[in-house]
Amino acid sequence: MNILIVDDDLAIREMLVLAVMNPEDYIEQAANARQAITCLNQKPFDIVILDMGMPPDQHTPKQGIDVLDAVPTSNSMDCKVIVLTGQDPQKTAYQAIKHGAFDFLTKPIAKSTLLQSIDRAKLFLNNHLLQKNTEGVQKIAMDVELGQGVKSVRNAAEKKLLMQVLHDSDFNVHQVARCLGLKRENVYYLINKYAIERPETDG
Amino acid sequence: MGEGIHNFAWVAAFILLIIGLTLMTVLLYLHRQSHRLKSVLMGLYQLNEAVHQDVLQFIDQAWPFLSQAKFTGLNGHVDWFGEQIPIRHGLAVSPSQQAYPLKLVQQGIEVHLSAQMGRLRGEDQLMAQLVWQQFSALLSLDVNYKISQFLLSQKRLERYQLFVQHDIKNIAQFITLLADQLEQAQTDGEKLATYHQLQSIMPTISRRATQTIQQMTQPSRDKQTKKLIDVRPTLEKIAKSYDVSIHISGQAKLWGYQWAFEQVFQRLFENFQHHAPQAVVDVVISDNHQIQLSAPADAQESISAARMFEPFWTTSESGMGLGLYLARETLKTMGGELHFDHQHQQNTFVVQFAQDNHDE
């Protein structure tokens, strides 16, 4: 698994690396939201451990929310984000879950708690992958505004599914068409309709 | 006939004289009354200034001015953050007297007063009303000022606690993870890996702990001694601890207090961290004990240079609004100065140190 650890505090970041270190996992670090978003676009991470309060807004969850919002359109759109925070846990938890966090832990957290959360995330990821590969079922999650009719919901689901499949196939339109049971022209039409761009990657 | 005209002239002159004298008397009387009114109103205003807008002292010392306006009593009570304070000046409340009530209620402060006077008429009544209006207006301003000061102090304290809590929680997090790691390191290999990791981490956490303590305490200056400070590596170290990228030119050594020097630049780099996190700060060390720190300004950010050093004023959610103020005050103790300049989309802090005979 690819794990990204995001925390502005170097000492805590290093301790988190030490805590989650595992020969089977690849671990990378980011010191701020900007670096984290760059990493998420360059490589498909599976798990992100994210500190919500980082400079220049270390007393608000703004930087963490920016990272959460960047995940769905990044190269790591399937990743599970485990959020860490020390300030106003209740309010931060609500915002974190609202922006797509998988789990929420309040500092100071014990190593065992963190490892349990990572294990849960891995379990969910593996089961999703199993379901996709064996049953051909793709899970998508989205926020829907009630009372606005269903057309927008249909469009949002369509876009989300398309982005997911494009990501999984590394933007191979032919493969996407086959996977979705569409013609290639339809896939191009949908890419243009939703203005989907291929994320930039390294190399 | 001539005698008749002569007599008429004398009578007319006499009448005019009486009228003139009457007018003069009235004017003098009105002048005296207006002077008396002015004196009382100014007296109330100056009293309020003298007691520094303190509510209780103002009420306590305003009575002589009110009695000059022919009030016979001032009675009531003040509910002062849960404490009842009775107010008794002059005569007690009487139903035969004319009453002027006053009620002010604001978060934690309640003022219930009633001023009495005899049955006055004409300009005396008018004067009393004007004086009472002035007294009420000043008292209302004082109460509002007190509440706003109280709320501001409360907000500052909460903000301070927020900052200290954040740092302490991070330190606590480090210790928790460290304790878990040490407990689980069983083999020699694991212990060695933990040791090597700690070797690189400990300086950072130690610096963090020191900064946190510095925020909460004032170092004893008696115990500090001046030393020769190598400016360039010190600035590089501070910038790195705040994750601020710098381009530094020049070098110098200054004679001064290490803690004060570091504190000044910690606050400046922290300011850059908050307001220009992506920018590369250009640091120029000059021979004349001057250090300039510049970074491009955000086009959207409007700079209020006049308020930069105002305590508890900040445009950043991450700041307490004390950093630049404290930096400047700290520099003053060293005989130095700190200025800010905003020109051509560049924000520049100019730190000028005083010349010391020991400097190189």
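Proteins get letters first, then strands, A, B, ... in listed order; numbering begins at 1 in each.
Here salt bridge (charged side-chain N to carboxylate O under 4.0 Å, His left out) pairs that include residues 18-38 of chain A, with residues two or more places apart or in two chains, are A/D25-A/K122.
When each of A/D9, A/N32, A/L10 is checked for a side chain to side chain contact (heavy atoms under 4.5 Å, CB included) with B/D243, only A/N32 meets the rule.
Heavy atoms closer than 4.5 Å to chain B are found nowhere in A/L84, neither backbone nor side chain. Contact of B/Q197 with chain A is made through the side chain alone, with heavy-atom distances under 4.5 Å. Heavy atoms of B/I175 lying under 4.5 Å from chain A are absent altogether. For a residue to count as touching a neighbouring chain, one of its non-hydrogen atoms must lie under 4.5 Å from one of that chain's; by this rule B/E183 does not touch chain A.
Residues A/A19 and B/L177 share a closest heavy-atom pair of CB-CD2, 4.3 Å.
By the 6.0 Å contact criterion, NZ on A/K91 is open, its count of non-hydrogen atoms from other residues, nucleotides or ligands being 12 or less. Residue B/Q184 qualifies as enclosed at atom CD: its count of foreign heavy atoms under 6.0 Å is above 12. Taking a 6.0 Å sphere around CZ of A/R184, one finds it holds 12 or fewer heavy atoms contributed by other residues, nucleotides or ligands.
Atom CD of residue B/Q173 and atom CG of residue A/D7 lie 8.5 Å apart, to the nearest 0.5 angstrom. Here CD1 of B/I201 is found 10.0 Å from CD1 of A/I12. Values are rounded to the nearest 0.5 Å. Residue A/D8 holds its CG atom at 7.0 Å from CG of B/N170, rounded to the nearest 0.5 Å. Residue B/T176 holds its OG1 atom at 13.0 Å from NZ of A/K111, rounded to the nearest 0.5 Å. In this structure, CD on B/E190 lies 10.0 Å from CG on A/L18, to the nearest 0.5 angstrom.
Among A/A110, A/S112, A/A31, the residue making the largest number of heavy-atom pairs under 4.5 Å with chain B is A/A110. Of all the listed residues (A/M21, A/K62, A/K107), the one sharing the greatest number of non-hydrogen pairs under 4.5 Å with chain B is A/K107.
Here A/F104 pairs with nothing under the ring pair (Phe, Tyr, Trp, His ring centres under 6.0 Å) rule; sequence neighbours left out.
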